**Student:** 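Mind looking over this structure? Questions follow.
All ligand and atom numbering here is 1-based and tracks the order in the structure. When a residue number appears, it is its place in the shown sequence, counting from 1. The structure presented is a predicted model; accordingly, all values stated were derived computationally and were not measured. Excluded from the calculations below are hydrogen atoms, water molecules and symmetry mates; all remaining heavy atoms, backbone and side chain alike, are included.
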Amino acid sequence: PLLDYYGAQSKLFTMPGVGHVLTIFNQLCAELDARKHDIQSVMHETRRFAPSEAFVVAAAVDAERLQALHRHAAEDHVGFWAAQARTHLTWQRMFDHALDDSRAPHYQWFSGGLINASYNCLDRHLDTRGEQVAITFETDDAQVIRYTYAELHRQVCQLGNALRSLGIGKGDRVVLYLPMGPQAVIAMQACARIGAVHSAVFGGFSADSLKDRIEDAGARLVITADAAPRGGKRVDLKGAVDKALSNGGCASVERVLVYQRMDGCPMHPQRDLRWQDLVPSQPTHCEPEWVDAGHPLFLLYTSGSTGKPKGVQHSTGGYLLGATVTMQWVFDLKPGDVFWCTADVGWITGHSYVAYGPLANGIEQVMFEGVPTYPDGERFWRMIAAHKVSIFYTAPTAIRALMRLGDELPARHDLSSLRLLGTVGEPINPEAWLWYHRVIGGGRCPIVDTWWQTETGAMMIAPVPGAMPIKPGSCTRPLPGICIDIVDEDGVPVTQIGRGGLLVVTKPWPSMLSTIWGNDARYAETYFGRFGNSVYVAGDGAQRDEDGDVWILGRIDDVLNVSGHRLGTMEVESALAAHPRVAEAAVVGRPHDIKGEAILAFVVVRGEREHAIASGLQRELCGWVAEQLGAIARPDEVRLVDGLPKTRSGKIMRRLLRSIGAGQHLTQDTSTLENPAILDQLRG
Ligand code: WTA
């Protein structure tokens, strides 16, 4: 049976570029061999898990309703979305056209409509649930601070007024370099309130990365904090801002607003202002700026296959609709739910399912400042019990890390408040899925495996948990109004079950990116350059199984997924190449038990290789990359080599490097290598 299992699964991995999944699979096989008693459960990978009857009976969206939604969308794609937008958003002026495709691939959703995202997230709840908790915030050292909708509204209005007093208004870009916490949500909402465009930069990015993003966005204001406590350590933030702005960098920035979270920081007298000095004295009424539905709500920089991150631009109306309705469908939201999404606000998940979606739906959510393993590996479970979390949404990498610590830690806590679990960011291996289901969900909670991207704005392929069975490792079906296909290199739909292809979206959807900031051509080329203006190419490989369920096979471009974070191999390569002792570098992902993928860099040094090895250049280069790009980009290993494997036409053989990194038996033809002797060096 084991061989049958291997054989059945191997067809999953027939596409080039699906090394990531292949390696997860290899790990799985190794684990299977080592732990025979688990074989039974893992072999049930194709087993379906139906929701319990209790879940179905109470479901916000049951099978019948889901079918009705799908039918409506299939009959009238645009009309379906128009109906959703009328029902779930509050408009100052109703839109005239649900979809204007005259400038495709720049699709305009809900044109003629006037809206404000902050009004939709806050004001419209005040009459009915002003005193209900909006955010329960737990700090690194376990202090709990609650914000009701009324309180959050007040603080957003005050910050909105403060920003206006600094001359910030509609269309101005504001970069947020803030720790995970309510102030980040307040800052995003305040920008939205006055029509300013926020661009959050994850606190783990370096000063240089921050500088690139500020400059590309042309931001007039940066909002940051002095520092943030994280896992018992002090993470400096303002220092990085100072560095980014030093030596005439970021010339567009006029002011820096500093939220004092810890013990303070040096302030630049003409430029820097303290949040606590400016904001609390502001009036608590702040008239929302009503903007066109297409007005940019935010930019979020993400990695692509080139060396430069791109500013993904999202609209106000369409984006907010996506974040709002997908939460209702996938998270089965009901009054009384306590939702906890563990993503940092610096990533898209923290935008759609922390800063906007939960608030637009008027529910209570938990926010957490720290890390899952501080002060110990029970932190998440203790928090779920303490705050009676009912819906928990996290990344497979966190599940894998916590699974390692054993079943005893979660067993010490009452997790009975949970009724639904979710994952996002990377494929989840069946082992981790089954553990999450059994140990965290007590076998009773459906798991929604949600596929989406920074660019898609909201979940795209995911189960509607009360309406269908689920299987470990599959994100199941596209949501209503989302049209996807899997095509071959020529754009022809793949019909053969179990054959991989490129995942594409064949009709525009409201929460799709509007463009890449300042670069319409790159937008058109990157996403629509391959099969024409109506086919969005996601950059992932996927396949369907016998039931029509979708399995994501991972990125097909040079984008890495390290702990669920997107990183371009080219970004890491250019950071390495900027080091004076580096002549050339190639970077690949290699399988990692917890991170999913880890960074392995092959570097050709200037001068003597032996000397460089003796002087510990490898370690220096790891630190160098972390400094250049941020700690999340730190390579796991740097191998110094005399040359990189190249084809006769001079292209780096990345696939060969990936195989070497994964320690696989090489199937590639290496006879074209200019210098076969370097194979040994590459193997490390
Ligand atoms: C990957 C995160 C498998 C995928 C929301 C995608 C996933 C990239 C899943 C986007 C999933 C996301 N299963 N892979 N459920 N969700 N991915 O922009 O490769 O940070 O293209 O958005 O993550 O990453 P991003």
**Student:** Atoms of ligand 1 less than 4.0 Å from Thr450 heavy atoms?
**Tutor:**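 The list of qualifying atoms is 9 (C), 11 (C), 15 (N), 16 (N).
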**Student:** Indicate, with yes or no, if the rings of His198 and His351 have centres closer together than 6.0 Å.
**Tutor:**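 Yes.
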**Student:** Please state which part of Asn561 comes within less than 4.0 Å of ligand 1, counting heavy atoms only: side chain, backbone, both or neither.
**Tutor:**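 For Asn561, only side-chain atoms sit under 4.0 Å from ligand 1.
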**Student:** Verify salt bridge (Lys or Arg N to Asp or Glu O under 4.0 Å) between Asp337 and Arg419, making sure each step is shown before the conclusion.
**Tutor:** CA-CA 9 Å; Asp337 267 322; Arg419 61 179 197 88; 2.8 Å; yes
**Student:** In a check of side chain to side chain donor-acceptor pair (under 3.5 Å) between Asp549 and each of Arg544, Gln543, Lys471, which one passes?
**Tutor:** Lys471
**Student:** Taking only heavy atoms of Val424 into account, list the atoms of ligand 1 that are under 4.0 Å away from them.
**Tutor:**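 It comes down to these atoms of ligand 1: 5 (C).
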**Student:** Show, in sequence, the C-alpha distance, side-chain angles and deciding distance for Arg530 and Glu489, and conclude whether the salt bridge (Lys or Arg N to Asp or Glu O under 4.0 Å) test is met.
**Tutor:** CA-CA 9 Å; Arg530 194 141 178 186; Glu489 300 280 313; 2.9 Å; yes
**Student:** Output the list of atoms in ligand 1 that are nearer than 4.0 Å to some heavy atom of Ile552, sorted by atom number.
**Tutor:**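 Going through ligand 1 atom by atom, the ones under 4.0 Å from Ile552 are 3 (C), 14 (N).
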**Student:** Here's a test for you: under salt bridge (charged side-chain N to carboxylate O under 4.0 Å, His left out), which of Lys211, Lys310, Lys308 qualifies with Asp216?
**Tutor:**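 When Lys211, Lys310, Lys308 are each tested with Asp216, the salt bridge (charged side-chain N to carboxylate O under 4.0 Å, His left out) holds only for Lys308.
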**Student:** Report the relative orientation of the aromatic rings in Trp340 and Phe380; use parallel for angles under 30°, tilted for 30 to 60°, perpendicular for over 60°.
**Tutor:**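 Ring orientation of Trp340 relative to Phe380: perpendicular.
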**Student:** One residue to check: Pro427. Relative to ligand 1, which of side chain, backbone, both or neither has a non-hydrogen atom less than 4.0 Å away?
**Tutor:** both
**Student:** Using a 4.0 Å heavy-atom threshold (strictly under), name the region of Thr454 that reaches ligand 1: side chain, backbone, both or neither.
**Tutor:**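 The answer is both.
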**Student:** Going from CH2 on Trp451 to CG on Leu503, what distance comes out if it is rounded to the nearest 0.5 angstrom?
**Tutor:** 4.5 Å
**Student:** Would you kindly specify which portion of Arg566 sits under 4.0 Å from ligand 1, judged on non-hydrogen atoms: side chain, backbone, both or neither?
**Tutor:** side chain
**Student:** With atom 13 (N) of ligand 1 as the reference point, say which of Glu455, Met459, Glu426 has the nearest heavy atom.
**Tutor:**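 Nearest heavy atom to atom 13 (N) of ligand 1 lies in Glu426.
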**Student:** Which protein non-hydrogen atom lies closest to atom 4 (C) of ligand 1, naming both residue and atom, and how far is it?
**Tutor:**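 The closest one turns out to be Asp540 OD2, 3.1 Å.
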**Student:** Quick check: Asp449 and ligand 1, any N/O pair under 3.5 Å apart?
**Tutor:** yes
**Student:** Less than 4.0 angstrom from a charged side-chain N to a carboxylate O is my criterion; do Arg654 and Glu573 meet it?
**Tutor:** yes
**Student:** For ligand 1, is there an N or O atom under 3.5 Å from any N or O atom of Gln453?
**Tutor:**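 Yes, since at least one N or O of Gln453 sits under 3.5 Å from an N or O of ligand 1.
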**Student:** Does Gly425 reach ligand 1 with a nitrogen or oxygen that is under 3.5 Å from one of the ligand's nitrogen or oxygen atoms?
**Tutor:** yes
**Student:** Assess, by modelled atom type and distance only, whether the side chains of Tyr319 and Ser352 contain a donor and an acceptor separated by less than 3.5 Å.
**Tutor:** yes
**Student:** Check if Trp451 has a non-hydrogen atom at a distance under 4.0 Å from any atom of ligand 1.
**Tutor:** yes
**Student:** Report yes if Arg555 has an N/O atom closer than 3.5 Å to an N/O atom of ligand 1; otherwise report no.
**Tutor:**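 Yes, since at least one N or O of Arg555 sits under 3.5 Å from an N or O of ligand 1.
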